[in-house]
Amino acid sequence: METRIIVLDDFKKNGIISENDLVKIGEAAAVLRNGGLVAFPTETVYGLGGDARTESASERIYAAKGRPSDNPLIVHISKKDEIYPLIKGATAMGEALMDTYWPGPLTLVFPKSDVIPKTTTGGLDTVAVRCPEHPVANKLIELAGVPVAAPSANRSGRPSTTRAEHCIEDLMGRVDVILDGGPCEIGVESTIVDLTGETPMLLRPGAVTAEMIKETIGLDPVKDKALTGPLKEGERPKAPGMKYRHYAPKAPLVLVTGEKRAVWDKIREMSLERENAEIICSRECAEYLEDTGKKIRVLGAYGNEDEIARSLFAVLRETDSDEIDMIIAEGFSENDLGLAIMNRLKKAAGWTIIKASS
């Protein structure tokens, strides 16, 4: 398959969709409308989109990613009203969350209508829906005129894509169009909340935090057990990224958690024991470990969760260019956006976690 790369030059320069860019987005929208696949930027990560109503488009998405077919796809819409034909009813909690955080990085799970086939939902009777805030994503969906199923635009198991060049690396020759709108702002995928029970359940943490959800609906979301460990064999994932090896670079990754200085000392000890180890960590940790002589990739300033989240997947991908046999990663606080960062790091490590002691 020949993949066309469409670059939104004006949007990349000034963040505004020009008339020229609008024509290009319209061309990509026509591809979606006609059953094709388009990789496109959102405020979280790049998505790989296809018409959510058709089994053939969803099957093409699974094939392009090499993704297991029981891993649900998130359906994207351009405005709130477009959700109602896709679901069997919204709860008061759902209405409150949509009114507060849409468009934005929040995905909500409802019982699905017959408009969305089970091919799209990984065999489930529920559907996960999001309304992205990114101008390009939103305009693309609006012009396509169809709900767009869009998992992250990467090969299954690999770190998600936050730049068009990552999409090219993973999906060239596998999709019809890659729409280059520059780097993503947030850097980790959307928060997913299941609203099909009496109590909201957090399936995946993201930029809309558990604290923000509680503030909006007055209830603390229950955290799904998949946030604390991998699903068992035979368990069906309720949302993307819950079951299979995910976000992983080529070299094995070990995550070190605990009190900050103890973590830094443990990383020092581990890195010196291995000749071909590489470190990913905060700027402050990198300064502390600079005398180790190891290659260190910096995620951002310690405590600056926005900066760390924005660079996480790009840094994980950068390690693939080096001949290394281990990546040692610094753990962070799990408060607020830190919960999402640590969720991705734990999965990238395949739950290989070392607790550093003081």
Side-chain angles (χ1 to χ4, degrees), residues 37 44-45 47-77 82-91 93-95 97-98 102 105-132 141 146-154 156-157 160 189-206 208 213 221-247 343 347:
L37 302 186
T44 57
V45 299
L48 174 57
D51 188 341
R53 306 168 305 169
T54 67
E55 292 187 356
S56 59
S58 294
E59 288 168 352
R60 287 192 64 196
I61 290 172
Y62 285 120
K65 284 177 62 71
R67 181 187 180 103
S69 60
D70 67 345
N71 205 354
L73 307 177
I74 293 175
V75 177
H76 293 64
I77 57 178
E82 294 170 2
I83 193 176
Y84 298 111
L86 312 180
I87 64 175
K88 287 186 175 178
T91 61
M93 286 189 295
E95 293 287 351
L97 289 169
M98 287 187 284
W102 278 10
L106 176 65
T107 295
L108 299 174
V109 178
F110 297 98
K112 79 175 190 67
S113 74
D114 292 337
V115 172
I116 303 297
K118 285 191 174 181
T119 311
T120 298
T121 64
L124 299 175
D125 291 319
T126 57
V127 61
V129 186
R130 165 163 123 81
C131 178
I141 298 163
V146 300
V148 176
S152 53
N154 55 285
S156 187
S160 297
E189 300 88 347
S190 62
T191 305
I192 303 179
V193 179
D194 186 346
L195 297 175
T196 59
E198 292 184 6
T199 305
M201 180 171 287
L202 183 65
L203 302 184
R204 184 175 72 188
V208 176
I213 293 165
V222 175
K223 293 181 176 65
D224 190 272
K225 63 182 181 180
L227 297 185
T228 59
L231 292 182
K232 296 178 181 178
E233 189 65 34
E235 289 187 278
R236 183 178 289 276
K238 299 176 185 177
M242 295 184 71
K243 181 177 180 181
Y244 299 96
R245 186 171 183 262
H246 220 56
Y247 314 121
N343 172 260
K347 291 183 177 181

> Working to the nearest 0.5 Å, report the span between OH of Tyr84 and CD1 of Ile77.
9.0 Å

> The test is side chain to side chain donor-acceptor pair (under 3.5 Å); show your working for Glu59 and Thr119 and say whether it passes.
CA-CA 7 Å; Glu59 288 168 352; Thr119 311; 4.8 Å; no

> How far does CZ of Arg60 sit from CG of Leu37, to the nearest 0.5 angstrom?
4.0 Å

> Might you work through the side chain to side chain donor-acceptor pair (under 3.5 Å) test for Thr120 and Ser58, ending with a clear yes or no?
CA-CA 6 Å; Thr120 298; Ser58 294; 2.6 Å; yes

> Of the non-hydrogen atoms in Ala52 and Ala149, which two are nearest, and what is the gap between them?
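Closest approach of Ala52 to Ala149, heavy atoms only: CB-N, 3.5 Å.
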
> Between Arg67 (side chain only) and Pro72 (backbone N and O only), is there a donor and an acceptor less than 3.5 Å apart?
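Answer holds: yes.
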
> With a 4.5 Å limit on heavy-atom distance, are the side chains of Arg53 and Pro147 in contact?
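Arg53 reaches Pro147 side chain to side chain.
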
> Looking only at non-hydrogen atoms, find the nearest pair between Ala150 and Gly49 and report the distance.
CB-CA, 3.9 Å

> Tell me which one of Ile192, Val75, Asp194 satisfies side chain to side chain contact (heavy atoms under 4.5 Å, CB included) with Thr107.
Ile192

> Quick test of your reading of the model: are Lys118 and Asp125 salt-bridged, counting only N-O distances below 4.0 Å?
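Looking at Asp125 together with Lys118, the answer is yes, because their closest N to O distance falls below 4.0 Å.
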
> Is there a side-chain contact (heavy atoms from CB on, under 4.5 Å) between Leu86 and Ile116 once you walk through the steps?
CA-CA 6 Å; Leu86 312 180; Ile116 303 297; 3.9 Å; yes

> Decide yes or no for Lys112 and Thr126: does some side-chain heavy atom of the first lie under 4.5 Å from some side-chain heavy atom of the second?
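Contact flag for Lys112/Thr126 side chains = no.
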
> Any side-chain heavy atom of Pro117 sitting closer than 4.5 Å to one from Thr54?
no

> If I take atom OG from residue Ser56 and atom CG from residue Asp51, how far apart are they, to the nearest 0.5 angstrom?
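Between Ser56 OG and Asp51 CG, I get 8.0 Å after rounding to 0.5 Å.
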
> Using side-chain heavy atoms (C-beta onward) and a distance below 4.5 Å, is Arg204 in contact with Ser190?
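Arg204 reaches Ser190 side chain to side chain.
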
> Going by heavy atoms in the side chains, are Leu97 and Leu195 under 4.5 Å from each other?
yes

> Can you measure from OG1 (Thr121) to CD1 (Ile74) and round to the nearest 0.5 angstrom?
12.5 Å

> Take Lys65 and Ser152 through the side-chain contact (heavy atoms from CB on, under 4.5 Å) test and state the conclusion after the steps.
CA-CA 9 Å; Lys65 284 177 62 71; Ser152 53; 3.7 Å; yes

> Side chain of Tyr62, backbone of Ala57: donor and acceptor closer than 3.5 Å?
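Here the side-chain-to-backbone pair does not exist.
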
> With side chains defined as the heavy atoms from C-beta onward, is the minimum distance between Ser156 and Pro68 less than 4.5 Å?
yes

> Which is it for Leu227 and Asn343 under the side-chain contact (heavy atoms from CB on, under 4.5 Å) test, yes or no, and what are the steps along the way?
CA-CA 7 Å; Leu227 297 185; Asn343 172 260; 3.6 Å; yes

> Are any non-hydrogen side-chain atoms of Pro200 and Met93 less than 4.5 angstrom apart?
yes

> Do Val222 and Leu202 have side chains that get closer than 4.5 Å, going by heavy atoms?
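No, every pair of side-chain atoms sits at 4.5 Å or beyond.
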
> Would you please test Arg130 and Leu106 for side-chain contact (heavy atoms from CB on, under 4.5 Å) and show each step?
CA-CA 6 Å; Arg130 165 163 123 81; Leu106 176 65; over 6 Å; no

> Check Ile83 against Phe110 and note the closest heavy-atom contact, atom names and distance.
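Between these two residues, the closest heavy atoms are CD1-CE1, 3.5 Å.
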
> Write down the atom of Pro85, the atom of Val115, and the distance for their closest heavy-atom approach.
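Smallest interatomic distance, heavy atoms only, reads O-CG2, 3.3 Å.
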
> Rounded at 0.5 Å granularity, tell me how far CD1 in Ile213 sits from OG1 in Thr191.
6.0 Å

> Look up atom CG in Leu48 and atom OG in Ser160, then write down how far apart they are to the nearest 0.5 Å.
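Answer rounded to 0.5 Å: 12.0 Å.
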
> For residues Lys347 and Ala226, report the shortest heavy-atom separation together with the two atoms involved.
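For Lys347 and Ala226, the tightest heavy-atom pair comes out as CE-O, 4.5 Å.
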
